[in-house]
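Counting starts at 1 for both ligands and their atoms, in listed order. As the structure is a computational prediction, the values presented were derived from the model and not from experiment.
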Amino acid sequence: MTADSNPPIPACASADGVWRRLRVPAGLGAVAPGGSSWVVEGGRIVWIGADAELPAAYAGRPEFDGAGRWATPGLVDCHTHLVYGGSRVQEFALRLAGADYEQIARAGGGIVATVAATRAADEQSLYAQAAPRLRALLAEGVCALEIKSGYGLELATERRQLRVARRLGADFGVAVRCTFLGAHALPPEYAGRADAYIDAVCASMLPALAAEGLVDAVDAFCERIAFTPAQVERVFIAAARLGLPVKLHAEQRSDQGGAALAARHRALSCDHLEYLGADGIAAMRAAGTVAVLLPGAYYALRDARPPPVQALRDAGVALALATDHNPGSAPVLSLLLMMNMACTLFGLSVDEALAGVTRHAARALGLQHSQGFIDAGRPANFVVWDIDAPAELAYWIGGRPRCTIVRQGRIAGAAP
Ligand code: NIG
Ligand code: FE
């Protein structure tokens with residue numbers, strides 16, 4: 001990280017004014033090579049251009065001198081399960097002792113263990129447990145994120161999770177997309193009756209939660225230890241009836257054909273994808289579905305098979321990265337660390353990793369018009385970094401460069 005050689009950017013609540021002498025990595029903003037300025041007014045970027053071309057009309061506004069620093073769009077964490085009760089630290093020990101994720105799930109641990117803890121937690125407790133996790137993500141410059149339900153698996157608890165997700169967005173001034181993940185695992189009361197549970201998801205849970213304005217997208221887990229493609233398709237059809245976009249946890253442990261199915265339903269994204277095959281890639285390409293790579297889960301589960309990055313790249317499928325924060329397979333609270341892991345473990349370039357946590361992640365949430373790119377007409381979400389080169393964002397392990405975060409037009413403060 002760079003030493004304190006640059007003049008400090010003064011902290012104040014509103015980011016309205018002229019942001020001068022900033023550099024933006026290629027592809028992340030409508031900027032001039034060599035140095036850009038932009039003007040924030042009423043929380044939005046209203047002008048952007050070369051430093052020397054700042055219109056005279058903006059003279060006299062407060063000035064924030066970037067002094068040649070690098071700026072990126074606010075980061076977007078497009079796949080999290082941030083709201084849940086308890087932890088699964090004991091499973092960490094079991095995995096270290098040789099148990100694998102599927103064995104733990106089949107023995108009644110895994111997702112259903114968190115379901116029990118989440119059902120037992122009231123709204124206030126879920127909020128209090130999730131808030132520090134959110135703070136950790138925000139401190140790295142996250143300006144938008146997805147929060148999934150899926151640890152209730154019955155109406156009241158799914159509602160509680162989604163209500164907490166909405167409240168966190170409002171209270172922390174961050175864009176939160178709420179994704180209903182009722183088809184995450186089979187709740188114990190439906191043991192042996194998966195189709196009946198999918199009936200409940202489609203006919204009562206999803207319509208009720210959508211009517212309450214708690215659902216922005218619908219997700220499912222298509223896997224041997226979760227739901228079949230036929231069951232997932234029923235969920236997708238129910239989502240389409242309500243006009244909601246879909247996405248899928250697909251091909252994480254085996255190739256179920258989930259990605260191709262999701263792409264046929266014009267999914268925003270398919271996520272995980274370690275076992276994705278050629279058919280899935282072709283279908284995702286045709287549908288413009290984003291591939292969300294989750295290197296934290298891959299690392300934590302000590303998977304041996306990385307997702308087919310080169311084939312996705314060759315097909316022109318957009319690659320996004322996310323933390324997948326959850327208490328089981330990815331107790332991850334750093335999107336910058338995911339950049340590092342995606343480069344180191346999956347072979348992404350720094351430019352791909354940067355696009356993966358900004359532009360492409362925004363698309364995976366359907367937020368491509370407001371997040372993940374610096375341009376006039378958009379809400380002011382950007383981060384000014386104390387770094388020597390963009391690669392530093394993927395370089396540090398267990399630390400982060402200092403930064404000034406502008407989130408929804410407010411200066412959120414420099415990370416300590
Ligand atoms: O994205 N794949 C399913 N869902 C989560 C795991 C959730 C859990 O283990 O609690 C995931 O990895
Ligand atoms: Fe997940």
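Both the sub-6.0 Å distance and the 45° axial angle are not jointly satisfied by Arg106 relative to the ring of Tyr101. The cationic group of Arg135 does not satisfy the cation-pi geometry with Phe172, failing either the under 6.0 Å distance to the six-membered ring centre or the 45° limit from the ring axis.
Between the side chains of Thr179 and Glu146, a donor-acceptor pair is found at a separation under 3.5 Å. With no hydrogens or angles considered, no side-chain donor-acceptor pair links Trp19 and Ser37 at under 3.5 Å.
Our summary of the site lists the angle at the Fe ion (ligand 2) between NE2 of His249 and OD1 of Asp324 as 160°, to the nearest 10 degrees.
Among protein heavy atoms, atom 10 (O) of ligand 1 sits closest to Tyr151 OH, 2.6 Å. Remark: minimum distance from atom 11 (C) of ligand 1 to any protein heavy atom is reached at Asp324 OD2, 3.2 Å. Taking atom 4 (N) of ligand 1 as the reference point, the nearest protein heavy-atom neighbour is His184 NE2, 2.8 Å.
Aromatic ring pairs are classed by plane angle as parallel below 30°, tilted from 30° to 60° and perpendicular above 60°; the pair His79 and His249 is perpendicular. Taking the six-membered ring where tryptophan is involved, the planes of Tyr298 and Phe346 are perpendicular, since the angle between them exceeds 60° and thus also 30°.
Of all the atoms in ligand 1, the ones that sit under 4.0 Å from a non-hydrogen atom of Ser329 are 6 (C), 9 (O), 11 (C), 12 (O). Counting the atoms of ligand 1 from 1 in the order shown, those under 4.0 Å from a heavy atom of Gln252 are 2 (N). Shown in contact with His79 at under 4.0 Å from a heavy atom are these atoms of ligand 1, numbered in order with element: 1 (O). Atoms of ligand 1 lying under 4.0 Å from at least one heavy atom of Tyr101, given by number and element, are 6 (C), 7 (C), 8 (C), 9 (O).
Among the backbone and side-chain atoms of His272, no N/O/S atom is found under 2.8 Å from the Fe ion (ligand 2).
For Ile111, the closest heavy-atom approach to ligand 1 falls below 4.0 Å. Every heavy atom of Glu223 sits 4.0 Å or more from the atoms of ligand 1.
Judged by distance alone, with hydrogens and angles left aside, the side-chain atoms of Gln371 form no donor-acceptor pair with the main-chain N or O of Thr358 at under 3.5 Å.
The residue from Asp216, Leu242, Val201, Val235 that alone fulfils the side-chain contact (heavy atoms from CB on, under 4.5 Å) condition with Phe180 is Val201.
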